[in-house]
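Here is how names work: the chains are called A, B, and so on, in the same order as the sequence lines, proteins then strands, and each is numbered from 1. Because the structure is a prediction, the values reported are computed rather than measured.
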Amino acid sequence: MRGTRFADEADYWGAEVPEGGELRSRMQAELRDKLRLGRPLRVYLGVDPTSTELHVGHFVPLQKLRRFQDQGHQVVFLVGDYTATIGDPSEQTSERKRLTHEHVLELAGSYTEQAYRILDPSRTEVRHNGDWLGKLSFADIIELASIFPMKQIVARRDFQRRMEQGESLRFHESLYALMQGYDAYMLKCDVQVGGYDQHFNMLAGRAIQEHFGDKPHVMLTNPLLIGTDGRKMSKSYGNVINVHDAPFDMYGKTMRMADAHIPAYLELASSLDADAIDTEVQQLQDGANPMEVKKRLAFDLVRQYHGEAAAGEAAETFQRVVQRQQAPDEVPEVIVPPHLLGTTWVDLCAGLELSPSKAEARRLMRQGGFYIEQTPVKDTEARAEVPPAGILVRLGKRRYYRLLPGA
RNA sequence: GGGGAGGUUCCCGAGCGGUCAAAGGGGACAGACUGUAAAUCUGUUGGCUGAUGUCUUCGGAGGUUCGAAUCCUCCCCUCCCCA
């Protein structure tokens, strides 16, 4: 992973960086000054628990935190238990669903557990923003709100777009930045890391810190990691690589991504250092087989989350099952109940729920995607024979089952 | 509070009395090809059925009609604009 930048405004604003625009170099200078203070810096990342799963995209800033940790700095992992109930409007195309606080607390537990795959728990301070945000009075909130010119709030790129496109935008969503900004102030942090979508929220933090007489924090942002299909990484697109994914899944999902997205993953999700990334990208440009690069990337990802051994196994299984189309080492066994013995394969697949319906099973057979012992069976009327020793059935490219006759 | 738009099959979205299981796109699945589960090309994509066919489906409940996703009534929900 490389990919972390000093509040790169071009990331946030695209081609239309507003006046000023030298935030980036200011951040660099500020960080240099802070490092010279000779004390461990407080570096914070805030995450709102809004679902059960963290994906590798969430881990980009976490890995950055780990680097700071390794250099002896103090890391603060902020659980946005309070903010999650409002919903961060950043880069959202529509209003977010509100979550209940109890639900959020449940999710938060699993978040920290997953974060510890990367962070050293003994050197991580975990905080919850409900501890202070919940105590603010209306007067406090008005004071915070008075720091920001309305023009600034409205100028946010994501709000602009939603207003232009006639999408829903509600007042409370503009308060989100205030909350996150107040977090930054309460945590007395020197540095905040996060995705570039946090640009505005981080700026709000600086404004609030300065308002209360503190030094503003340094903003470190990273581009958002795209999903394996190139669209925004999102569960609803099914293009997400989750931290909890089994090794082979993680490896497979990586191999399935379009070649064009390899550099983004090398940059943001891999553990490779800057030189190694450059080398890989150069090789791609020189016409190396993208598959080989992707294999190294897939191996690296699995290694980070599951260790060396699991990565090796995943790589082997991939070669065997996908490239050579051989059955994997372990094929799930399915016992065929007596009443399905002697029926057609169609009835059997539907009966065992290997296929959602008979029509679906027939379709698969007609298309040549149904194999018995690796030989396609296209006859939808074919009788199913399940010898006592069992038989290998394959549906489509990679769903294997060993059928055994039930007593 | 006033005015307007809309809720369609996994998603987006067309349809606006029969020719509608419902265009088109996306996704998914399969096949071909290949350098991979990439790209590209082709096909499939509600259930039951060998097929003819039949059953369920277009926010919900009723109604009109030989016949409704399409018309009417009430209800629920979403969005926009004005105040």
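Within residues 298-326 of chain A, the residues having any heavy atom closer than 4.0 Å to RNA chain B are, in order of number, A:Phe318, A:Val322, A:Gln323. Contacts between residues 336-361 of chain A and RNA chain B, counted as heavy-atom distances below 4.0 Å, involve A:Ser357, A:Lys358, A:Ala359.
Looking at A:Tyr82 and A:Asp48, their side chains never bring a donor and an acceptor atom within 3.5 Å of each other. No side-chain donor-acceptor contact under 3.5 Å links A:Asp286 and A:Gln283. In the model, A:Arg399 has a side-chain atom that pairs as donor or acceptor with a side-chain atom of A:Tyr401 under 3.5 Å. Checking A:Thr228 against A:Asn239 by side-chain atom types alone, no donor-acceptor pair falls below 3.5 Å.
Straight-line distance from the CZ atom of A:Arg363 to the P atom of B:rU49: 13 Å, rounded to whole Å. Taking atom CG on A:Asn239 and atom P on B:rG26, their separation rounds to 16 Å, with Å as the unit. Atom CZ in A:Arg399 sits roughly 18 Å away from atom P in B:rA37 (whole-Å rounding). In this structure, A:Glu292 atom CD and B:rU36 atom C1' are separated by 9 Å, rounded to whole Å. Summarising the geometry, the separation between NZ on A:Lys378 and C1' on B:rA30 is reported as 10 Å, rounded to the nearest angstrom. To the nearest angstrom, C1' of B:rU44 lies 16 Å from CE of A:Met365. The separation between A:Tyr265 atom OH and B:rA37 atom C1' is 15 Å, rounded to whole Å.
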Is there any protein nitrogen or oxygen under 3.5 Å from a nitrogen or oxygen in nucleotides 38-42 of chain B, and what are the pairs?
{"from": "B:rA38", "atom 1": "O4'", "to": "A:Lys294", "atom 2": "NZ", "distance (Å)": "3.4"}
{"from": "B:rA38", "atom 1": "O2'", "to": "A:Asp259", "atom 2": "N", "distance (Å)": "3.2"}
{"from": "B:rA38", "atom 1": "N3", "to": "A:Asp259", "atom 2": "OD2", "distance (Å)": "3.4"}

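Spacing of C1' atoms, B:rG27 relative to B:rC12, comes out at 10 Å, to the nearest Å. A distance of about 25 Å separates the P atoms of B:rG3 and B:rU70, rounded to the whole Å. As rounded to the nearest Å, B:rG25 and B:rA14 have P atoms that lie 15 Å from one another. When the C1' atom is used for both B:rG15 and B:rC58, the distance is 10 Å, rounded to whole Å. Nucleotides B:rC20 and B:rG24 place their P atoms 12 Å apart, quoted to the nearest Å. With both ends at atom P, the span from B:rU9 to B:rG46 equals 13 Å, rounded to whole Å. Comparing the C1' positions of B:rG62 and B:rC55 gives a spacing of 23 Å, expressed to the nearest Å. Here, B:rC10 and B:rA22 have their C1' atoms 16 Å apart, quoted to the whole Å.
Base pairing annotation: B:rC48 forms a Watson-Crick or G-U wobble pair with B:rG53, both donor-acceptor distances under 3.5 Å. The base-pairing partner of B:rU78, taking Watson-Crick or G-U wobble contacts with both distances under 3.5 Å, is B:rA5. Nucleotide B:rC10: paired with B:rG26 (Watson-Crick or G-U wobble, both distances less than 3.5 Å). The base-pairing partner of B:rC41, taking Watson-Crick or G-U wobble contacts with both distances under 3.5 Å, is B:rG31.
Taking only side-chain nitrogens and oxygens, A:Tyr371 comes nearer than 4.0 Å to OP1 or OP2 of B:rG31. Not one side-chain nitrogen or oxygen of A:Arg362 sits closer than 4.0 Å to the OP1 or OP2 atom of B:rC48.
Partners of A:Met186 by side-chain contact (heavy atoms from CB on, under 4.5 Å), not counting sequence neighbours, listed by chain and number: A:Trp132, A:Tyr182. A:Thr380 is linked by a side-chain hydrogen bond (donor to acceptor under 3.5 Å, both in side chains) to nothing, counting only residues two or more places apart in sequence or in another chain.
A donor-acceptor contact shorter than 3.5 Å links the side chain of A:Arg383 to the backbone of A:Gly342. Distance alone, capped at 3.5 Å, is enough to place a donor-acceptor pair between the A:Gln209 side chain and the A:His217 backbone. With hydrogens and angles disregarded, a donor-acceptor distance shorter than 3.5 Å links the side chain of A:Thr112 to the backbone of A:Ala108. A side-chain donor-acceptor contact under 3.5 Å links A:Glu373 to the backbone of A:Leu392. In this structure, A:His58 contributes its side chain and A:His55 its backbone to a donor-acceptor pair below 3.5 Å. With hydrogens and angles disregarded, a donor-acceptor distance shorter than 3.5 Å links the side chain of A:Lys135 to the backbone of A:Asp131.
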Name each donor-acceptor pair under 3.5 Å that joins a side chain in residues 117-128 of chain A to protein atoms two or more places apart or in another chain, with its distance.
{"from": "A:Arg117", "atom 1": "NH1", "to": "A:Tyr305", "atom 2": "O", "distance (Å)": "3.4"}
{"from": "A:Arg117", "atom 1": "NH2", "to": "A:His244", "atom 2": "ND1", "distance (Å)": "3.3"}
{"from": "A:Asp120", "atom 1": "OD1", "to": "A:Ser122", "atom 2": "N", "distance (Å)": "3.0"}
{"from": "A:Asp120", "atom 1": "OD1", "to": "A:Ser122", "atom 2": "OG", "distance (Å)": "2.8"}
{"from": "A:Asp120", "atom 1": "OD2", "to": "A:Ser122", "atom 2": "OG", "distance (Å)": "3.3"}
{"from": "A:Asp120", "atom 1": "OD2", "to": "A:Arg123", "atom 2": "NE", "distance (Å)": "3.0"}
{"from": "A:Asp120", "atom 1": "OD2", "to": "A:Arg123", "atom 2": "NH2", "distance (Å)": "3.3"}
{"from": "A:Arg123", "atom 1": "NH1", "to": "A:Gln69", "atom 2": "O", "distance (Å)": "2.8"}
{"from": "A:Thr124", "atom 1": "OG1", "to": "A:Gln69", "atom 2": "NE2", "distance (Å)": "2.8"}
{"from": "A:Thr124", "atom 1": "OG1", "to": "A:Asp120", "atom 2": "O", "distance (Å)": "2.7"}
{"from": "A:Glu125", "atom 1": "OE1", "to": "A:Arg42", "atom 2": "NH1", "distance (Å)": "3.1"}
{"from": "A:Glu125", "atom 1": "OE2", "to": "A:Arg42", "atom 2": "NH2", "distance (Å)": "3.2"}
{"from": "A:Glu125", "atom 1": "OE2", "to": "A:Arg127", "atom 2": "NH1", "distance (Å)": "2.9"}

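Both A:Arg394 and A:Thr380 lie near RNA chain B, and the one whose nearest nucleotide falls closer to the 5' end is A:Arg394.
Donor-acceptor pairing under 3.5 Å, judged by distance alone, is present between the side chain of A:Gln367 and the base of B:rG43.
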